[in-house]
2 protein chains.
Amino acid sequence: MAATIKDVARACGVHVSTVSRTFSAPHLVNPATRSRVLAAADDLGYRPNRAARALTTGRTYNMGLIVADIANPFFPPLIKAAQAQARGRDYHVFVADTDEDPRVEEELIRTLTKQVDGVLLCSPRLSNRMIERLAEDVPFVVVNRRIKGMPAVLMNVAQGAKLALEHLAGLGHHRIALVSGPIGSWTSNEMQGVAAEAPGLDLVFFGPNQPTEAGGLAVAPDVAACGATAVLAYNDLVALGVIEGLAAMEIGVPDQISVVGFDDILPGRLNRPKLTTVAMPTVAAGRMAVDLLLQSGGEGATVTLDTALIVRESTGRAQ
Amino acid sequence: MAATIKDVARACGVHVSTVSRTFSAPHLVNPATRSRVLAAADDLGYRPNRAARALTTGRTYNMGLIVADIANPFFPPLIKAAQAQARGRDYHVFVADTDEDPRVEEELIRTLTKQVDGVLLCSPRLSNRMIERLAEDVPFVVVNRRIKGMPAVLMNVAQGAKLALEHLAGLGHHRIALVSGPIGSWTSNEMQGVAAEAPGLDLVFFGPNQPTEAGGLAVAPDVAACGATAVLAYNDLVALGVIEGLAAMEIGVPDQISVVGFDDILPGRLNRPKLTTVAMPTVAAGRMAVDLLLQSGGEGATVTLDTALIVRESTGRAQ
DNA sequence: CTGAAAGCGCTAACAC
DNA sequence: GTGTTAGCGCTTTCAG
């Protein structure tokens, strides 16, 4: 059914190698024959078989994209952007979800290795050592993780946290609750770094917490009890949970307590009050990760992308 | 670097075909040699090259999954489920986003064709004729679309709409606004079918609308003006937009007007009031689509999945 | 500029 | 039970 290079060769009376050249090195073939070949190919609906081609060239024109959880609203924009960028470079992308399980992640990478030219690892759960080991067999680009000598796309969480804190301070808030996420996560670490050197603010730390709405809901009472007039949450989901928990206690946002999230996911934009948040550059990160992977020379290049504070309705002047 | 079948063969002094058999037909090889081969393979970190294998067997163990918009919250759960199911069947999945553009969709399918054993088309934008044409080269399963003789996974929107209408009627609502989506969409058509034979309800139709929050926001004034006490929206995004538009006019939900959405996406669950909605079986659909594709015999099998009404806080008794 | 031949990694008859 | 041979679809020397 699907036409092969042979069919095309036969159809226009040339050798297969000429057909091959027409597609992979057009300048090496006589314009006249070239157009005959092209015509025949078009006529038969011929497309080179990329997998077969990869066998000899070593380039698959495929890449892997591994994320912890596709359904986490943080990832879809990144996946979409990466996939679009890849398509623009004539690449296809295998998308896989690890269910946050390191073993699944490892196995996935192993089975993908031969089939791709590289893998994008987003917020990987694997140990650095394991990643370095796997990297011997296939190039990686890691997102939101720093591994010596490995290309990485980082989001400037520290800068975002600083922006958020300044915004809050500017509104007259002094005592601010810092609602962190899971232990050891990139974002949590960065946030704490900033907190440590906060400009004369009174920061109250809460954590670790689940990085979900439930996590936020659960700490809301403690947050309310600690006397803070504002909270900076690990991510938007947590922020939304905090707001809901506060509402259950009849504490208004932003009238009584201001809340800032991280990520800028869709639910935050639809919420009422609309969430003030530090927008993560997920779209840029997806694009950049693809570019980093493709510019093979990029030995360990690290790109840090800026975040941006988006002020909406969940923050207001301190009472 | 990555070990090939030859390396393994050499390492344990057997012919490559024996190594090959050890992996693809273990029962045909002597247990003793088999374990020697396995040991050597394990030692070298050998994994069969799936692309090379596909060249002779014709099975790639890859599939394509094409959606209109990865970032639309309707799709991620489906993508996640499909990908997980595929992994369980030892398949990898190429995920691609068409940006709602039929031409991109067509080109994507064409370049994917040779590389996959089949393609899952979710809410495709292509014409039936084009899909049928492309299906000559690669098996398809379509989701939320009916094409004669083609395996399909359908979501029972009509049943869901009926459930929602009954729920509303039970709460004393008679005049109900039907806020539809784009013309010709599967869901819109199904909803209208049900509306046509509504059990003595006074249905007011609004449409077409953009299937987004903005779409809902835009019709909110008309909905308010028509005197309806309840609205059934095309999807959750539209429903959320309607609620927001109503709020801007100081019309409370559910106190003054009840709102029901479709899909059960995350933002609806986080909203206040939490959205009453018809849950679409996206997870089941993703799984089922994969199964349908793999049980090759499945000539045109069509599976219809039930929806479920989830009553939350955006509906209440009619005033 | 084009054809011939070898080979990528693997499987699949077919012998022995 | 295992080796031999041919070949999947394509690229890439190497001749001519």
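Values reported hereafter were calculated over all heavy atoms of this structure, with side chains retained and with hydrogens, waters and symmetry mates removed. In what follows, chains carry the letters A, B, and so on, assigned in the order in which the sequence lines appear, proteins first and then strands, with residues in each chain numbered from 1.
The CZ-P distance, from A:Arg21 to D:dT11, rounds to 11 Å in whole Å. Rounded to an integer number of Å, the gap from NE2 of A:His27 to P of C:dT2 is 13 Å. In this structure, A:Arg36 atom CZ and C:dC1 atom P are separated by 14 Å, rounded to whole Å. One can place CG of A:Asn30 at 15 Å from C1' of C:dG3, the figure rounded to the nearest angstrom. Going from atom CZ of B:Arg10 over to atom C1' of C:dG9 covers 13 Å, rounded to whole Å. Rounding to whole angstrom units, CG of residue A:Leu28 and C1' of C:dG3 are separated by 14 Å. In this entry the distance linking CG of A:Leu55 with P of D:dT12 reads 12 Å, nearest Å. For B:Arg53 and C:dC10, the CZ to P distance is 8 Å, given to the nearest whole Å.
Nearest-nucleotide positions on DNA chain C place A:Gly13 closer to the 5' end than the other of B:Val19 and A:Gly13. Residue B:Val14 is the one, among B:Val14 and A:Arg50, whose nearest nucleotide of DNA chain D lies closer to the 5' end (criterion: closest heavy atom).
Contact check, B:Ser20 against C:dG9: no side-chain N or O comes under 4.0 Å of OP1 or OP2. Within the structure, a side-chain polar atom (N or O) of B:Thr33 is placed less than 4.0 Å from OP1 or OP2 of D:dT2. Contact annotation: A:His15 reaches the phosphate of C:dA4 (side-chain N/O to OP1 or OP2, under 4.0 Å). Contact between the side-chain N/O atoms of B:Tyr61 and the OP1/OP2 oxygens of C:dC10 is not found at any separation under 4.0 Å. The side chain of B:Lys6 places an N or O atom within less than 4.0 Å of a non-bridging phosphate oxygen (OP1 or OP2) of C:dC8. For the pair B:Thr18 and D:dG3, the criterion of a side-chain N or O lying under 4.0 Å from OP1 or OP2 is met.
Looking at heavy-atom distances under 4.0 Å, A:Arg59 makes no contact with the nucleic acid at all. Counting any heavy atom pair closer than 4.0 Å across all strands shown, A:Arg47 reaches sugar-phosphate atoms only and no base atom. Among the heavy atoms of the strands, none lies under 4.0 Å from A:Phe23.
Between B:Asp117 and B:Arg89, no side-chain nitrogen of the basic residue sits less than 4.0 Å from a carboxylate oxygen of the acidic one, so the salt-bridge criterion is not met. In summary, A:Asp101 and A:Arg125 do not engage in a salt bridge, as defined by a charged side-chain N under 4.0 Å from a carboxylate O. One finds no salt bridge joining A:Asp97 and B:Arg87 here, because no Lys/Arg side-chain nitrogen approaches an Asp/Glu carboxylate oxygen to under 4.0 Å.
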- prompt: Checking salt bridge (charged side-chain N to carboxylate O under 4.0 Å, His left out) for the pair A:Arg47/B:Glu107: CA distance, chi angles, key distance, verdict?
  reply: CA-CA 11 Å; A:Arg47 302 250 168 175; B:Glu107 183 58 20; 2.9 Å; yes
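In this structure, A:Phe94 and B:Phe94 have parallel ring planes: the angle between them is below the 30° cut-off, well short of the 60° mark.
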For residues 19-28 of chain A, run the donor-acceptor check on the side chains, cut-off 3.5 Å, and write out each pair with its distance to 0.1 Å, sequence neighbours left out.
| unit_1 | atom_1 | unit_2 | atom_2 | d |
| --- | --- | --- | --- | --- |
| A:Thr22 | OG1 | A:Thr18 | O | 2.7 |
| A:Ser24 | OG | A:Ser20 | O | 2.8 |

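No hydrogens or angles were tested; on distance alone, nothing pairs the side chain of B:Arg34 with the base of D:dG1 as donor and acceptor under 3.5 Å.
Among the nucleotides D:dG3, D:dT11, D:dG1, the one closest to the side chain of B:Ser17 is D:dG3. With C:dC10, D:dT2, D:dG9 as the choices, the nucleotide that has an atom nearest any side-chain atom of B:Ala52 turns out to be C:dC10. The side chain of B:Thr56 lies closest to C:dT11, out of D:dC10, C:dT11, C:dA5.
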